Amino acid sequence: MVLFMACALPAGATGVDVILESGNVAAQPVGISGREGAAVVKACAGYRMPLMDGGKEWNAYPFGGACLELPAVIRDLSFNITMDIGRLESKPPFDVDVLVVNSGLIFLYNVRMWLQHFSLRPFTGLSNTSVYLIDEFAVDTHIFSHSENEFGVAAGLEPVMAVGRLRFSAPASWQYVFSSPRPFTFFSVSIHCGAAF
Amino acid sequence: MLNKYTKYTGGLFFTARFILALSGTAGAEGRDATVLLRIDGANYVLYDQEYPHRSRNMYSIVRGNPLDSFPFTHISTYGFGPAYDSVVSRAPAFAASGGVSAELGDPLLNRFTNSPGYNRDHATVFGSACRLPSVPGFVYSGYRYLDSYSDRFDEIWKKFEDVTDRSMEYYKEGLAKEFIYGYALASGKVEARGNMRKYGSWGTTPFYFSPLYQSGYSTRHDFRVADGRRSFFASAGYDYHTDYFNHFESEKFNDVAVTAGLQRPLNKLINGRVVCDINTAESPSTKFEASVYDSLSTLMVWKAAGGIFNNLHPFAGLQLSFRPMRALTAFAEAGWDYVPAQRAYRYKEYKRTVSYEPLAYETITFHTSLTYADTLFFPITLAAWYDYYERPIWERIEFDDGQPYISQDTLGNAAPWHVGGRASYEISWRMLSAELWGNTSLTPKKTIQRFSLPTVLGADLGCGRRAGGSPYAGMRFEYRSPVVLRYRNDESDKIETFVAPAYTAISSIFHMPFILPFARDHLGSSVWIEAGPVHISKQFLDNPSLANQRIKEHPSGNLIGPAVSVRFDAVIR
């Protein structure tokens, strides 16, 4: 999906509408609500549900985090760097309670709609799920040696509403984590609130 | 060790890249009949199908990547590179690249409910370069930690602890950990560059491919003064390293490598060149070489060289290239070569002491090829070659009073010659590009090769432009025939054979620049994502899972599975 997102052609275009050529700004992407080429800082909160075999062993859990959105050089394409934290609990007979940090590099394509302040954005990208392996959480350099992480892919749909500088969205995403011997899949819904600048 | 990878130092200066430059083809790994094979996340061998005796990292302790240009691997795309002509005025003021990669398949939540499994270790690489404000040059730095595909080492370390009742040290440093700082200057006729490096790395021993640690500091400085066809050049390198041959006590070495030379025209057509090379890591350590070559003719180019080592052993070579038409090149070279020996050593294979005794030897070589390369009308390259090497070197394990030692020797039925060919075809249409290539080689019947990789096929498909500030997406399909490595084992009185299975895989790469609104005129950033190789086999198609994705690339290497790499680049103009 990532491959084809890069080659997506907006309707009526003869090729990919590239904004930057060797670092020079030739044009700017059109963001929603007229704020063009804007970066957006967002806070998020949501609920993530393990699916399939993972759903039999782990409970759904709430999470909170932050997100930075930057415009990409292709018109109507944005790039998100996200991170959220939550606590995942196991179901019986297991008695496990782990801290999970979920990060993502997500590409969103803005589908312009007839409503001026509203748009729909399908997205896809790379995720990274980090599980903290010891009981006591400490913010120090040992977090890396005490945690284990794995890449995955994420995809979903995000409806967005803009009110002036403010942005509100409610993405729903599906995530597949490449763990072994058993991969994990999650479904999450969340609410994002942020401001563009 | 300095010049460790340059096994072929007997005076023949005709590299595969020089040949390819004459024939007008691109010299990229795979397309120019060289194949890089991973042993683990830090160590590779480079097999050359056209010149097998010029394959690199094939003998003794295998350490590092012969094609490594760290820290320029990624920042070279912005104009900062290892070659002299990379000091360009259009390079940005600052460029940096940093990323993380890891093989897929960590247990993650499976640790708590299923089997723990192996942790897939990662690699971190960072490089940066900054142009100097008023001097034409730049300074650079780099850091990397490489530990991917190291689970085979984990098993060996565990077995080592069981057998010897002691833990191997330094294994928490990763397969390789390195810092490097350097500079490059170019002003008028004078160019200089140099670096200082602190490193620690695990190489693999000969025959057994078990780990051996080395750490040290090195520095290297190059200098050149050029005025038209005249130039003077010199380089000096010093490497202070500590080797842990028995994994506990260290042996310290000081290796020095110095080169100095002069090039000037002898007349209107012919250039002459004299070079003195000193490398204390080899024996004999000093070489004097003189060469003459035609500089103006385009129809025929020739080069003749000769020299002597400090043990008074001479060497000589001749190269001819004939280009009757733009797209066709006929090439031949012959040499009487002398290859110096690497340093001998003794290492511990668990509780057993093994000696390694390399050889200095002379050999006769001959190579001829015919290349058709049309880059104007129909972008196809075709080449066929015949390569003769009088003394193909094997490693064999022998025993003296029960004490094993590995020597370099040849076998009576070792294949002295082979023929081969390669083809490549490139096409592009608007933003789309495709490149196809294939190499194959054949050896005479009833002879055997020490290292064999008969066939490589590949295809690169791309959308966009790979260089510059544009988006790009690409996929590579690659096929390799089974890879075979052979050793002569006198203990069992037979030839040991190790095989890596045939390899069909897909890899992908994606590049997207993005905009930082607060400094969009001066700041550029982009993200790179690479994934693969995803091995395509009947076993995987019947039962898709990460577990049956891992296969060896090198016959004695670690299992290699799909990995994901994420990298951010930043540029300040």
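This one's a predicted model, so the numbers in the text were calculated from it and none came from an experiment. Proteins get letters first, then strands, A, B, ... in listed order; numbering begins at 1 in each.
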- Pick one of side chain, backbone, both or neither for B/V571, based on which atoms fall under 4.5 Å of a heavy atom in chain A. neither
- Any luck finding a side-chain donor-acceptor pair between B/D106 and A/N149 under 3.5 Å? no
- Query: Does any heavy atom of chain B fall under 4.5 Å from the side chain of A/E150, the backbone, both, or neither of them?
  - Reply: both
- Task: Would you please say whether a donor-acceptor pair under 3.5 Å links the side chains of B/R465 and B/Y472?
- Result: no
- Task: Tell me yes or no: between the side chains of A/S169 and A/E158, is some donor less than 3.5 Å from an acceptor?
- Result: yes
- Item | A/I191, CD1 atom: more than 12 neighbouring heavy atoms under 6.0 Å | no
- Query: chain B heavy atoms under 4.5 Å from A/T129: which part of the residue, side chain, backbone, both or neither?
  - Reply: both
- Message: Need one label for A/F178: side chain, backbone, both or neither, based on atoms under 4.5 Å from any heavy atom in chain B.
- Response: both
